[in-house]
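Worksheet: one structure, shown below.
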Protein chains: 2
Amino acid sequence: MAKKENQNIADSTEQKIFDAAHEVFVQKGMDGAKMQEIADRAGINKALLHYYYRSKDKLYEAVARAVIGRAAPMISQLIESDKPLEEKIRHFIEIYISIISKNPFIPLFIISEINKHPDHFFEKILPAELPKPQIFIRQVEEEIAAGRIRPVNPKHLVINIVSMCVFPFIAKPMARFALGLNSAELKIFLEERKVQVTEFVLASLRP
Amino acid sequence: MAKKENQNIADSTEQKIFDAAHEVFVQKGMDGAKMQEIADRAGINKALLHYYYRSKDKLYEAVARAVIGRAAPMISQLIESDKPLEEKIRHFIEIYISIISKNPFIPLFIISEINKHPDHFFEKILPAELPKPQIFIRQVEEEIAAGRIRPVNPKHLVINIVSMCVFPFIAKPMARFALGLNSAELKIFLEERKVQVTEFVLASLRP
DNA sequence: GAACAGTTTAACCAGTTGGTTAATTTTAGG
DNA sequence: CCTAAAATTAACCAACTGGTTAAACTGTTC
């Protein structure tokens, strides 16, 4: 057996390959990514890619599964908690935007690849426990029944909230152009959205 | 000169190529699109592509420019009209969602390609007169000053509205999955959004 | 009907891509 | 040390890609 002596898991060849592949796939998608570029960025020979991950598809699948598997639980944990509705919405928007800020390429990656290979994604890559908004939806219905919020269609409410959190990040360059912001101003603007979106939603829910 | 006798412009070889390229580029993006597939779908030889459009880049540019050039004026016309604010918002959401319903691949195409080649897009493809929301923003500020709507940051309002209109279409498969809808139900759901988003926005703007 | 420009094609080409091979180096264990 | 397994590499390959070429076809004009 061969194991490098002073080498933690993070520096292992397999991990280096995975990290490089993650970068390239997420930024360029399945088609745009080239095995040679992944090899170069990992600092190894192209043949080693196939030694650890048999094919481009397999490597892509590993990356895609990790991306989704990392994002999904955070959301479901939040959405399924038993906090009161207003607090839940506040927390959801805050955390959702924070996560995306730190991983700005992920949403577009997921959306693009789902649109190109929907079957593949839903069969092989998605974890069984994707966050389901049913609990959230029931909670909204209860609040409406109690007269504490304006009557709204809860499914549309969910989509509205997610849309306002995610879309500005995937449309960044367009937003910059349309609003006439430079890079620094855009960063501030996106950070502002945590409170702006929260206020917007809660204002709309007033009875 | 050689011109086919019974042949209108729509059936011309150049148009057939353009239409086929439009389909393929919009669905698969620059990288995913193959010249051979475009030729096949246009029912012609691959060399003819290069006869009419010298290179893949040129063909792509023609398609991209047409896509943007078609979408932008409709929006700006609407956003720059002098209707009262509420009516303008109603119209904007209604028309925006209608347009996207008929061209479901366009938004993701624009966003993906802008993210991959931002410079190229803003230098070569975008028409000078991209819809600028300044007039809309000023109008919102006036309404706030007059106390007719709740104080909101108008830039965030613009982004909120556009997000809620566009995002559900580009995240269609995910929305289907998360909300547990079949294809027909999703279509209804997206149509419902015209009134749902309008109500949601106007409710949030109540003073 | 010959000459001619515009159109279309089959065959081809060079570069790139994902993937393989066989040989070399490194590492662990007796 | 020596050996065998694991890790790594250089060289290679077949398929595909965007793009070219030269020849053939089509219609118009005189």
Side-chain angles (χ1 to χ4, degrees), chain A residues 1-65 112-113 116-117 120 124, chain B residues 1-64 113 116-117 120 124:
Chain A
M1 274 173 245
K3 277 259 163 68
K4 302 289 170 60
E5 274 175 20
N6 302 333
Q7 187 181 262
N8 49 30
I9 304 150
D11 283 339
S12 73
T13 302
E14 187 167 354
Q15 188 63 38
K16 269 172 13 197
I17 292 175
F18 181 89
D19 291 342
H22 186 280
E23 255 184 83
V24 177
F25 275 131
V26 158
Q27 285 182 42
K28 312 203 170 177
M30 170 65 157
D31 294 321
K34 306 297 167 202
M35 294 297 267
Q36 188 59 58
E37 186 182 347
I38 295 173
D40 291 345
R41 215 177 282 211
I44 50 124
N45 189 287
K46 195 182 54 155
L48 256 192
L49 295 182
H50 294 88
Y51 179 74
Y52 284 99
Y53 302 85
R54 273 209 288 283
S55 68
K56 188 184 183 183
D57 284 289
K58 288 275 197 315
L59 179 53
Y60 172 79
E61 198 178 311
V63 170
R65 184 172 277 132
S112 297
E113 301 306 312
K116 271 173 205 156
H117 327 280
H120 181 257
K124 291 185 129 189
Chain B
M1 275 177 245
K3 278 258 165 68
K4 301 291 170 58
E5 275 175 19
N6 303 331
Q7 185 180 262
N8 49 29
I9 304 152
D11 283 340
S12 74
T13 302
E14 188 167 354
Q15 189 62 37
K16 269 173 11 196
I17 292 176
F18 182 89
D19 291 340
H22 187 280
E23 255 185 84
V24 177
F25 275 131
V26 158
Q27 283 181 42
K28 311 202 170 176
M30 171 65 157
D31 295 321
K34 307 295 167 202
M35 294 296 266
Q36 188 59 60
E37 186 183 346
I38 295 174
D40 291 345
R41 217 177 279 210
I44 50 125
N45 189 288
K46 195 182 51 154
L48 255 192
L49 296 183
H50 294 88
Y51 178 75
Y52 284 99
Y53 302 85
R54 272 210 288 285
S55 67
K56 188 184 182 181
D57 283 290
K58 288 276 198 311
L59 179 52
Y60 172 79
E61 199 178 309
V63 170
E113 302 305 313
K116 271 173 206 155
H117 327 281
H120 181 256
K124 291 186 129 187

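In the text below, chain A, chain B and the rest are named by the order of the sequence lines, each starting its count at 1.
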Hey, which of these two, A/A47 or B/H50, hits DNA chain D nearer its 5' end, going by closest nucleotide? A/A47
base_contact_polar (C/dG19 base, A/K56 side chain, donor-acceptor, <3.5 Å):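 There is none.
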Polar side-chain contact B/K34-D/dG18 base: donor and acceptor under 3.5 Å: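 Checked by distance alone, the answer is no.
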Are any of B/T13's side-chain N or O atoms less than 4.0 Å away from OP1 or OP2 of C/dT8?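 Yes, because at least one side-chain N or O of B/T13 sits under 4.0 Å from OP1 or OP2 of C/dT8.
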A/Y51 vs D/dT9: side-chain N/O to OP1/OP2 distance below 4.0 Å: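 No, no such contact exists.
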Candidate nucleotides C/dG18, C/dT9, D/dA10, ranked by approach to the side chain of A/M35 - the nearest: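 The closest nucleotide is C/dG18.
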Please determine, for the side chain of A/L48, which listed nucleotide (D/dT8, C/dT8, C/dG19) has the closest atom?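 That would be D/dT8.
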Could you give the [atom1]-to-[atom2] distance, from [X] to [N], as a whole number of Å?
| X | N | atom1 | atom2 | value |
| --- | --- | --- | --- | --- |
| B/K58 | D/dG18 | NZ | C1' | 14 Å |
| A/I44 | C/dT24 | CD1 | P | 21 Å |
| A/L59 | C/dG18 | CG | P | 11 Å |
| A/N45 | C/dT25 | CG | P | 15 Å |
| B/Q36 | D/dC16 | CD | C1' | 10 Å |
| B/R54 | D/dT20 | CZ | P | 9 Å |
| B/D31 | C/dT16 | CG | P | 15 Å |
| A/Y52 | D/dA6 | OH | P | 11 Å |

Short side-chain to backbone donor-acceptor contact, A/K58 and A/H50, under 3.5 Å: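 No, A/K58 side chain to A/H50 backbone: no donor-acceptor pair under 3.5 Å.
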Say whether, by atom type as modelled, one donor and one acceptor occur between the side chain of B/K34 and the main chain of B/V24 under 3.5 angstrom.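 No.
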Do the non-hydrogen side-chain atoms of B/Q36 and B/D40 ever get within less than 4.5 Å of each other? yes
Is A/A33 touching bases, backbone alone, or none of the nucleic acid, heavy atoms closer than 4.0 Å? sugar-phosphate
Remember a base hit wins even if backbone is also touched, and classify B/Y53 as base, sugar-phosphate or nothing at under 4.0 Å, heavy atoms. nothing
Parallel, tilted or perpendicular, as decided by the 30° and 60° cut-offs, for the rings of B/Y53 and B/F18: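 Rings of B/F18 and B/Y53: tilted, as their planes differ by 30° to 60°.
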Can you name the nearest heavy-atom pair linking A/M35 to A/L49, along with the distance?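 Residues A/M35 and A/L49, closest heavy atoms: O-CD1, 3.2 Å.
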